[in-house]
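I have placed the structure first, in the form of structure tokens, so that the comments after it can refer back to it.
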Amino acid sequence: MADLITYRDAVADGIAREMRRDPAVVCLGEDIGAAGGVFKTTVGLQAEFGPHRVRDTPISEQAIVGIAMGAAMTGIRPVAEIMFSDFLACCWDYLANEIPKMRYMTGGQVTVPLVIRTANGGGLGFGAQHSQSVENWALAVPGLKVVAPSNPADVVGLLASAIRTDDPVVFFEHKGLFASRGEAAPDGHVVPLGEAAVARPGTDITIVALAATVPLALAAADELAGSGVQAEVIDLRCLVPLDMAAVLASVRKTSRLLIVEENPYQGGWGGTVASIVADEGFELLDAPIRRVAAACVPLPFADALEDEVIPTTPKVVAALRDLLAY
Amino acid sequence: MTATVDAPRLLELYELMSVIRGTEKAAHDAFLAGLVKGTTHLAAGHEAVAVGASAALRPDDYVFATYRGHHHAMARGAAPAECLAELMSKATGVCQAKGGSMHLTKASAGMLGSYAIVGAHLPLAAGAAWSALLRGTDQVAVAFFGDGATNIGAFHEALNLSAVWALPVLFICENNLYMEYTPISSVTAVEHPAADRAAAYRLPAEVIDGNDVVVVADAVGRAADRARAGGGPTVLEAQTYRHFGHSRTDPATYRPAEEVQRWLARDPLDVASRRLSELGVPDQEITAAAARAAGVVADAVAAAKSADGADPAQALTDVWADGGHQWRT
Ligand SMILES: Cc1ncc(C[n+]2csc(CCOP(=O)(O)OP(=O)(O)O)c2C)c(N)n1
Ligand SMILES: [Mg+2]
């Protein structure tokens, strides 16, 4: 059996591989240095690369992201950490107005090669201000690439691409996955941005998932396999670029589509996937497109309440059964 | 390189300030004539800040400006014609007409942008300064900003972090006494909105005459020297005044006539020309410089007016570094 590694350790591994390869790669964020990050995703980086390349910052989200942008415009490849994705709201100007627009509005004079990493999503009981899935915020901004890996090897491979691309990337690490284990990435592992993965092949129904909804979808697919149904699970891995070719190819096989997303139904990324399939794949479908997404409420604290709000395996199984019976 | 500006150099700076003044007037006229859509924020009256600072900086230093940034673009080397063309939505615009008046940028001259979200670019300048440290150069970065920006969070975050990291960055406030239509003094707890805040971050600060190009060049030269030598950031508060309203056709009636007169009497062009006379430069050389500037502006207006309009194909380019805009397969 291959080496297993946690998703959490894969983050530090992925960053370290790029820092070894390219001296222009640097990290900054709150508590990322000696402390190794509040989620321990940067453990060992400061020891290996020193305090100048792995730099603790004040609690200044605008300065963190703004400094990363200024450095990126002048020859550095910063990897900035925003501790919880909810805090992106504190520096949203940079994600909405500065970083994604600079290249365009200067007629291509400037590039902004940076990565903003952030811990996203629920499932750990952190309450409404530390648990949201906000990947749809970033999706709404033209000019940002949006990545959200579901397993350790993809963390490493997608970090490599995110750091190497000359475009700005928002890299959502799912809090609920940090402790999960998977195969370690081989040396030189690179996953191109914008290529979905078939996490489980199947013929009867397509489930499109992202980050923490991938294991949910896989569990639901396993449950249905007992009754002879083969669900295909597509792990999008990125929202921008969005691999609609992979989704449409799967739906061409299965004729049924379920989208499982942790961000709210209202304005969630599944709406974009559904609208493209409705537009370009209408005649492929034998049933309506269904979305299992978070309810349009702030995330509650108690597990029993949170389960009501975000996707769970039973909700996915129920939606699959519904669609298969249509 | 503390700048003691000698007469020939001062004459050049005077001519450049005259070019900027003329271009701003031309921009105003073009706006009134309907050739410029949207808005402009003219910097007439602020020329000495941009030209004095540029005189003290090196070509490889970085400058970040605001939506009131025409003077900074031109002071760093953007041609008046490409600036006016940008305002007039022409293909030859410095940003291919994708930026407009508020976003003039000339990256090849180290002019890394004009930013229209108040205060947002101060951390960017800090980042460029950090980059210089990381790359082992002795470049400095400069953020120019208005008095109004001193009350926004990004200003304070940038000053603190730059101080703690001892970054080679200069924070230069162009205090023109007003935000849009409201005096800065009515919304700020301290007298000098930028300089008085510096102490909170243990940063050196100076309040300077922003209408005297020599004073600006000297102060920026000192601050840049200190930054290059590892001495960290400096806050400069340059006192100045805008000759036009805030934007578009704002008549600026909220400013007392006496105040306007007092500041017009301290026009940075007049201050520089008086200095030239004191240095023994003959009047006809000063007039000749002004005439050359007028010629440059007239040519720029003609070139911008006759240029082709923006190419519609450009609307879908340069979202990404590969030049395209594809977001899906
Ligand atoms: C964050 C933000 N808030 C408000 C505005 C609208 N606005 C544009 S310019 C301006 C006044 C800024 O004043 P100051 O910083 O003194 O610069 P000046 O225009 O005087 O050069 C305001 C409020 C903005 N562009 N950005
Ligand atoms: Mg002002």
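To find a chain, count down the sequence lines: A is the first, B the second, and so on, and within it residues start at 1.
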Structural part of A/Q109 lying under 4.5 Å from a heavy atom of chain B: both
Against A/W269, only a single residue in A/L210, A/V146, A/L242 fulfils side chain to side chain contact (heavy atoms under 4.5 Å, CB included); can you say which? A/L210
Among B/A129, B/G93, B/A116, B/A315, single out the residue with the greatest number of heavy-atom pairs under 4.5 Å to chain A. B/A315
Using side chain to side chain contact (heavy atoms under 4.5 Å, CB included), reason through A/I116 and A/L88 one step at a time and then give a plain yes or no. CA-CA 10 Å; A/I116 299 169; A/L88 288 172; 4.1 Å; yes
So which heavy atom on A/A211 is nearest to which on A/D235, and how close? N-OD1, 4.4 Å
One option among A/K101, A/R103, A/Q62 has the most heavy-atom pairs under 4.5 Å with chain B, and it is A/R103
Have B/S101 and B/H70 got a donor and an acceptor in their side chains that come within less than 3.5 Å? yes
If one checks every heavy atom of A/T111 against chain B at 4.5 Å, the contacting part turns out to be side chain
In terms of the angle between their ring planes, are B/F144 and B/H72 parallel, tilted or perpendicular, with boundaries placed at 30° and 60°? parallel
Answer with side chain, backbone, both or neither: which region of A/E61 has an atom nearer than 4.5 Å to a non-hydrogen atom of chain B? backbone
Lys/Arg N to Asp/Glu carboxylate O, A/E18 vs A/R77, below 4.0 Å: no
Taking the side chain as everything from C-beta on, heavy atoms only, tell me whether B/T105 gets closer than 4.5 Å to B/E86. no
At a heavy-atom separation under 4.5 Å, does B/T317 approach chain A through its side chain, its backbone, both, or neither? backbone
Side chain, backbone, both or neither: which part of A/V26 has an atom under 4.5 Å from a heavy atom of chain B? side chain
Would you please classify the geometry between the B/F145 ring and the B/F155 ring as parallel, tilted or perpendicular, with 30° and 60° separating the classes? perpendicular
Is B/A154 close to chain A through its backbone or its side chain, or both, or neither, when contacts mean heavy atoms under 4.5 Å? both
Top contributor to chain A contacts, counting heavy-atom pairs under 4.5 Å, from B/W327, B/F64, B/W320: B/W320
Of the backbone (N, CA, C, O) and the side chain (C-beta and beyond), which part of A/L144 lies under 4.5 Å from a heavy atom of chain B, both, or neither? backbone
Give, as side chain, backbone, both or neither, the part of A/T165 having an atom under 4.5 angstrom from any heavy atom of chain B. neither
Select one option (side chain, backbone, both, neither) describing which atoms of A/D243 are under 4.5 Å from chain B's heavy atoms. both
Taking all non-hydrogen atoms of both residues into account, name the closest pair between A/P58 and A/I64 and its distance. O-CD1, 4.0 Å
Does any heavy atom of chain A fall under 4.5 Å from the side chain of B/Q314, the backbone, both, or neither of them? backbone
Which portion of A/V240 sits near chain B, non-hydrogen atoms under 4.5 angstrom: both
